[in-house]
There are 2 protein chains.
Amino acid sequence: MTPITVVLVDDHVVVRSGLKALLGTQPDIAVVGEAASGEEALAAAETSSPDVILMDLAMGPGMDGIEAIRKLRQRNGKQAVIVFTTYDSDADIVRAVDAGAIGYLLKDAAPEEIFAGIRAAVQGKSVMSPPVASRLFQQMRNPDEVLTAREAELLSLLTQGLSNRELGKQLFISEATVKTHLAHIYAKLGVETRAAAIAKAIRREGMR
Amino acid sequence: MTPITVVLVDDHVVVRSGLKALLGTQPDIAVVGEAASGEEALAAAETSSPDVILMDLAMGPGMDGIEAIRKLRQRNGKQAVIVFTTYDSDADIVRAVDAGAIGYLLKDAAPEEIFAGIRAAVQGKSVMSPPVASRLFQQMRNPDEVLTAREAELLSLLTQGLSNRELGKQLFISEATVKTHLAHIYAKLGVETRAAAIAKAIRREGMR
DNA sequence: GGCGGTATCAGCCAAATGGCTGAGAGACCA
DNA sequence: TGGTCTCTCAGCCATTTGGCTGATACCGCC
């Protein structure tokens, strides 16, 4: 029986070797590639064509995890992408699912949880860590508090301290559109100013 | 020749096993213990009495890394504590050094850097990742980047999302004074807008 | 006594932000 | 086909914020 092939994407050496050590204990799982950036992830997916990709979201400069997932989906891509990251941010979850991730595991997950996630992913099933699941349920209960992917993207940049003009340039939209999105975001977050939105977003999202 | 004994403290399984795998390649370094929390770290230091402790700062609920370091120093403790964390926050660096850490390495450090850090630590020498070092130098060069007590107080409220008017009411000063303080804070933080100041403050100061 | 740092306040003006209404294009679904 | 959602854009106007200059008062220090 051929093992499940996995590529690891994370900019930290220790995380990659940690995962490799953990996954090495499972006879039905084989790590066939590693990458430290979004760009490398695309290349590794190409050459190794794994069954599953374990992907961190935050990866220093360059292409981030979300973008890498999106690009993978745009190609052919029968690889299942599982997000493997530190924080359970609403915005990141939404954006990751939107980009085409099939699972969302936190780095403090138990090893068994990770193994189960990988095995589920190859069968097209989703697995997520409990905190992630509860956030999703939360969102389903009151759907008009859920940010759209675009709004989440904007909020993420907002927490970098960008002005409306800069936000527009970054996202290739006009300032008018930025203001529209912001108004929606404020309403959904229950705040009235950009300052409060940033404070709330960073604190409740673990956005970094 | 007896190897250098090391205890790893990190709430992520993958990070611990990653480090163990990396350090296992060095014949003069032996991992003799692991801990997933500050409390466990103290216990492990007691039972294993290692030469070096590699300690993450952020560790979920309970005692954080800084506090664990402080407690270790308060005891007898000839163990050298090296901080091993993801972010190079000014506040964290200062607090870690203050608590008694001898080194400060980032998780994206090259393996050689980590090995060198451990070997230096047992000889009482300090090693820190380049970004950490540059931050420290930065602070020493221009000490007028340090916020005054009043400014820090204002910044703290600012990160709650208050407006100038609200800040004034809270602190019993006029809006004009609030604006003066803000201008000074912006200059010291190297930002130009309130949004950027909030983002920077929350992220780099751990203000929560 | 003067000097530097801190905290306080004022006024003026340009720029950014937020609230509002309205609207077109595309996707998706019933 | 029609309704809903999302994303996009525009204009108008009130408020807020930020940059500037200048001023007073207190404190510690040489």
Side-chain angles (χ1 to χ4, degrees), chain A residues 66-67 70 73-74 90-91 93-100 139-201, chain B residues 139 141-201:
Chain A
I66 298 282
E67 204 177 326
R70 192 167 288 122
R73 295 290 101 224
Q74 279 172 0
D90 284 342
I93 297 173
V94 170
R95 287 169 61 217
V97 171
D98 188 67
Q139 292 199 336
M140 306 236 299
R141 270 199 296 275
N142 23 10
D144 32 62
E145 283 185 12
V146 183
L147 300 181
T148 67
R150 194 58 159 167
E151 286 163 357
E153 201 176 353
L154 206 141
L155 180 58
S156 164
L157 289 176
L158 190 66
T159 64
Q160 310 296 323
L162 301 194
S163 69
N164 289 352
R165 182 166 314 180
E166 293 168 321
L167 290 171
K169 290 213 168 188
Q170 282 276 324
L171 299 175
F172 304 105
I173 57 181
S174 76
E175 262 185 83
T177 306
V178 170
K179 289 175 69 175
T180 303
H181 284 309
L182 283 182
H184 293 160
I185 291 174
Y186 296 165
K188 289 181 180 178
L189 292 185
V191 300
E192 276 151 11
T193 68
R194 142 184 320 239
I198 293 175
K200 191 152 201 164
Chain B
Q139 289 203 337
R141 266 200 301 273
N142 23 10
D144 40 58
E145 284 188 8
V146 182
L147 300 182
T148 68
R150 193 57 160 170
E151 285 162 0
E153 199 177 353
L154 209 142
L155 180 58
S156 165
L157 290 176
L158 191 65
T159 64
Q160 311 295 322
L162 302 193
S163 69
N164 288 353
R165 182 166 314 180
E166 293 168 321
L167 290 172
K169 290 212 171 192
Q170 283 276 323
L171 299 174
F172 303 104
I173 56 181
S174 77
E175 259 185 85
T177 306
V178 170
K179 289 175 68 176
T180 304
H181 283 309
L182 283 181
H184 294 160
I185 291 174
Y186 296 165
K188 290 182 179 179
L189 292 185
V191 300
E192 275 150 11
T193 67
R194 137 183 327 237
I198 294 174
K200 194 153 200 165

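Just so it is clear: chains get the letters A, B, ... in the order the sequence lines come, proteins before strands, and each one is counted from 1.
Residue-to-nucleotide proximity on DNA chain C shows that, of B/Arg150 and B/Thr193, the 5′-proximal contact is made by B/Arg150.
Proximity of residues 161-177 of chain B to DNA chain C (heavy atom under 4.0 angstrom from any strand atom) is restricted to B/Ile173, B/Ser174, B/Ala176, B/Thr177.
The pair B/Arg150-B/Glu153 meets the salt-bridge criterion, since a charged nitrogen lies less than 4.0 angstrom from a carboxylate oxygen.
The CZ atom of A/Arg194 sits 6.0 Å away from atom CG of A/Leu167, with the distance rounded to the nearest 0.5 Å. Atom CG of residue A/Leu154 and atom CD1 of residue A/Ile185 lie 4.5 Å apart, to the nearest 0.5 angstrom. Rounded to the nearest 0.5 Å, atoms CG (B/Leu155) and NE2 (B/His181) are 12.5 Å apart. B/Lys169 contributes atom NZ, which lies 15.0 Å from atom CG of B/Leu157 (distance to the nearest 0.5 angstrom). For the atom pair CG of B/Leu182 and OG1 of B/Thr193, the computed distance is 11.0 Å after rounding to the nearest 0.5 Å.
Put simply, CD on B/Glu153 is 12 Å from C1' on C/dA7, counting in whole angstrom units. Atom NE2 in B/His184 sits roughly 9 Å away from atom P in C/dA7 (whole-Å rounding). Distance NZ (B/Lys179) to P (C/dC9): 14 Å, rounded to an integer number of Å. Nucleotide C/dA7 holds its P atom 10 Å from the CG atom of B/Leu154, rounded to whole Å. Here the C1' atom of nucleotide C/dG18 and the NE2 atom of A/His181 are 16 Å apart, to the nearest Å. The nearest whole Å value for the distance from the CD atom in A/Glu192 to the C1' atom in C/dG19 is 11 Å.
The outermost nucleotides of DNA chain D lying under 4.0 Å from heavy atoms of chain B, listed 5' to 3', are D/dT16 to D/dG19.
Helix bend of the helix from C/dG1-D/dC30 to C/dA30-D/dT1: the angle between its two end axes, each built from five pairs, comes to 40° after rounding to 10°.
Residues A/Ala201 and A/Thr159 share a closest heavy-atom pair of CB-CG2, 3.7 Å. Smallest separation of non-hydrogen atoms from B/Ile198 and A/Ala195: CD1-CB, 3.4 Å. Contact between B/Ala197 and B/Leu158 at its shortest, heavy atoms only, is CB-CD2, 4.3 Å.
Checked by atom type and distance alone, the side chain of B/Lys200 never pairs as donor or acceptor with a backbone atom of B/Val191 at under 3.5 Å.
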Letter by letter from the 5' end, nucleotides 22-30 of chain C scores (B base, S sugar-phosphate only, - none; protein heavy atoms under 4.0 Å) ---------

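By the side-chain contact (heavy atoms from CB on, under 4.5 Å) test, A/Glu166 is found to be paired with A/Leu162, A/Ser163, residues two or more places apart in sequence or in another chain being considered. Partners of B/Thr180 under the side-chain contact (heavy atoms from CB on, under 4.5 Å) rule, at least two apart in sequence or in another chain, are B/His184.
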Check the pair B/Leu171 / B/Val178 against side-chain contact (heavy atoms from CB on, under 4.5 Å), numbers first and verdict last.
-> CA-CA 9 Å; B/Leu171 299 174; B/Val178 170; 5.6 Å; no

